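Written below as structure tokens is the structure these notes are about.
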Amino acid sequence: MACFLAKRPASETVKQVRLREDGGCVDHELCMTRLLSRRALLSVAAAGIAAAACGSDTAAPGGPPLRERAAARGLVYGAAGDVELTTNQQLGTTFVREAGAFVPEVSLKWAALRPASDTFDFVASDALIAWAGARTILVRGHALAWHQALPNWFAGVANEQTAGGFLDAHIAAVAGRYSGRVGSWDVVNEPLDPFSDRDDGLREESPWLRLLGPAYIARAFVAAREADATAVLTLNEYGFENDPGAARKRADFLRLIGRLKDSGTPIQAAGLQAHLLQNNPRWAEFDATGYSKFLGELAAMGLQLFVTELDVNDTAFPQDARTRDAAVASVYRDYLGVALAEPAVKMVTTWGLSDRTSWIDRSYPRKDGAHARPLPLDAGYQRKAAWEAVATAFDRAPKR
Ligand code: XIL
């Protein structure tokens, strides 16, 4: 199984702790793979010690940052962000302190990269990937084949004859360009729909499915592997936690992965978006037993598991910030308690780090006009109850 830090030699896949002149920690990097060398395993143990040592000078409430809390358990913590990371110094600095992995929220999507059918615009994505690379932050790529975020020109030119060529060429260009710098790709995003009329549960509204049939999924994985020999190739999906839809989605996802593996498709990881409460605001309906069994079944298929887009939609929670923060934190606690108990879960990325830049405010505005508070840090980049819940969940996770 490839390491998430795929292109780096084993000797580099170790924890790196650089010390400032005053002895404080500058950055930490930890390979999370099952293929850790003996040296790396020793360094995992060292990570706990280093994180504890760093705690003394990271005076912020709650102690060491999330990336260290995760690394101490052999996990990677990361977050989504976009070009503002490179222009907003406070956001960038906070991000580097808390997160060891990064996923561009928008800039690697088709609509961002493809101004016209025969051109690419890599200005924003190049800047972001260079930004992360200069800070030893792991990068996840998102997403090569998705039914959303397609440019306007796409519908006019894509048909049953041309769509396959567009898919192959896009993946070759994008995954090829960042080969060695993107450790893991969401190759196919959200292929399933629990309300699909199809037996296989595939999302009927996807132009990829409509134009290419179910084979588009394996085709995208093969193209990604051809473009990048070592990135961890991931199938990413949401809505596994609570009904309506979760039970069917879990079953359809397992079947889909089974078919991909049986046909020799290069897939190494399952991405669990975990936009909690997005499709059902009643967390009381979290089927922890079914979810945990599902994770075990995915792990038994030989996959690494990544929690890829974690956040808590607080639209249905009371307006009062303290009450809301406590409710959000409790959902994080419940979810991560279950998810991190599964050792195949190697990484957790939240969909944003600070409430200042959360998509929930834009996509699910509250009726009372209050801003969403779905992420570990508040809009002023201060740690809040959700941060504490995530940090504690890492502390309690079994060591990888
Ligand atoms: C969202 C972004 O956060 C928004 O900024 C954008 O406007 C729409 O897409 N599942 C996914 C992500 O896989 O790509 C989505 O991101 C959120 C849901």
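Keep in mind it's a predicted model, so treat the numbers as computed, not measured. Positions are given from 1 along the sequence. Every number for a ligand or one of its atoms is a count from 1 in the order of the listing. Any value given below was found using the heavy atoms of this structure, including those in side chains, with hydrogens, waters and symmetry copies removed.
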Can you list the residues that meet the side-chain contact (heavy atoms from CB on, under 4.5 Å) rule with [X], with sequence neighbours excluded?
| X | answer |
| --- | --- |
| D82 | P104, E105, V106, S107, L128 |
| D378 | D355, R373, Q382, K384 |
| A389 | A329, Y332, R333 |

Would you please classify the geometry between the F166 ring and the W153 ring as parallel, tilted or perpendicular, with 30° and 60° separating the classes? tilted

Worksheet item: Taking the six-membered ring for Trp, are W146 and H142 parallel (under 30°), tilted (30 to 60°) or perpendicular (over 60°)?
Response: tilted

* Asked: Quick one: do E204 and R198 make a salt bridge, cutoff under 4.0 Å?
  -> no

Note every protein N or O atom lying under 3.5 Å from an N or O atom of ligand 1, pairing the names and giving the distance.
{"from": "ligand 1", "atom 1": "3 (O)", "to": "E105", "atom 2": "OE2", "distance (Å)": "2.5"}
{"from": "ligand 1", "atom 1": "3 (O)", "to": "W351", "atom 2": "NE1", "distance (Å)": "2.9"}
{"from": "ligand 1", "atom 1": "5 (O)", "to": "E105", "atom 2": "OE2", "distance (Å)": "3.3"}
{"from": "ligand 1", "atom 1": "5 (O)", "to": "R362", "atom 2": "NH2", "distance (Å)": "2.7"}
{"from": "ligand 1", "atom 1": "9 (O)", "to": "K109", "atom 2": "NZ", "distance (Å)": "3.1"}
{"from": "ligand 1", "atom 1": "10 (N)", "to": "E190", "atom 2": "OE2", "distance (Å)": "3.1"}
{"from": "ligand 1", "atom 1": "10 (N)", "to": "Q273", "atom 2": "OE1", "distance (Å)": "3.4"}
{"from": "ligand 1", "atom 1": "10 (N)", "to": "E309", "atom 2": "OE1", "distance (Å)": "3.0"}
{"from": "ligand 1", "atom 1": "13 (O)", "to": "H142", "atom 2": "NE2", "distance (Å)": "3.3"}
{"from": "ligand 1", "atom 1": "13 (O)", "to": "N189", "atom 2": "ND2", "distance (Å)": "2.9"}
{"from": "ligand 1", "atom 1": "13 (O)", "to": "Q273", "atom 2": "NE2", "distance (Å)": "3.3"}
{"from": "ligand 1", "atom 1": "13 (O)", "to": "E309", "atom 2": "OE1", "distance (Å)": "3.3"}
{"from": "ligand 1", "atom 1": "13 (O)", "to": "E309", "atom 2": "OE2", "distance (Å)": "2.9"}
{"from": "ligand 1", "atom 1": "14 (O)", "to": "K109", "atom 2": "NZ", "distance (Å)": "2.7"}
{"from": "ligand 1", "atom 1": "14 (O)", "to": "H142", "atom 2": "NE2", "distance (Å)": "2.7"}
{"from": "ligand 1", "atom 1": "16 (O)", "to": "K109", "atom 2": "NZ", "distance (Å)": "3.2"}
{"from": "ligand 1", "atom 1": "16 (O)", "to": "W351", "atom 2": "NE1", "distance (Å)": "3.3"}

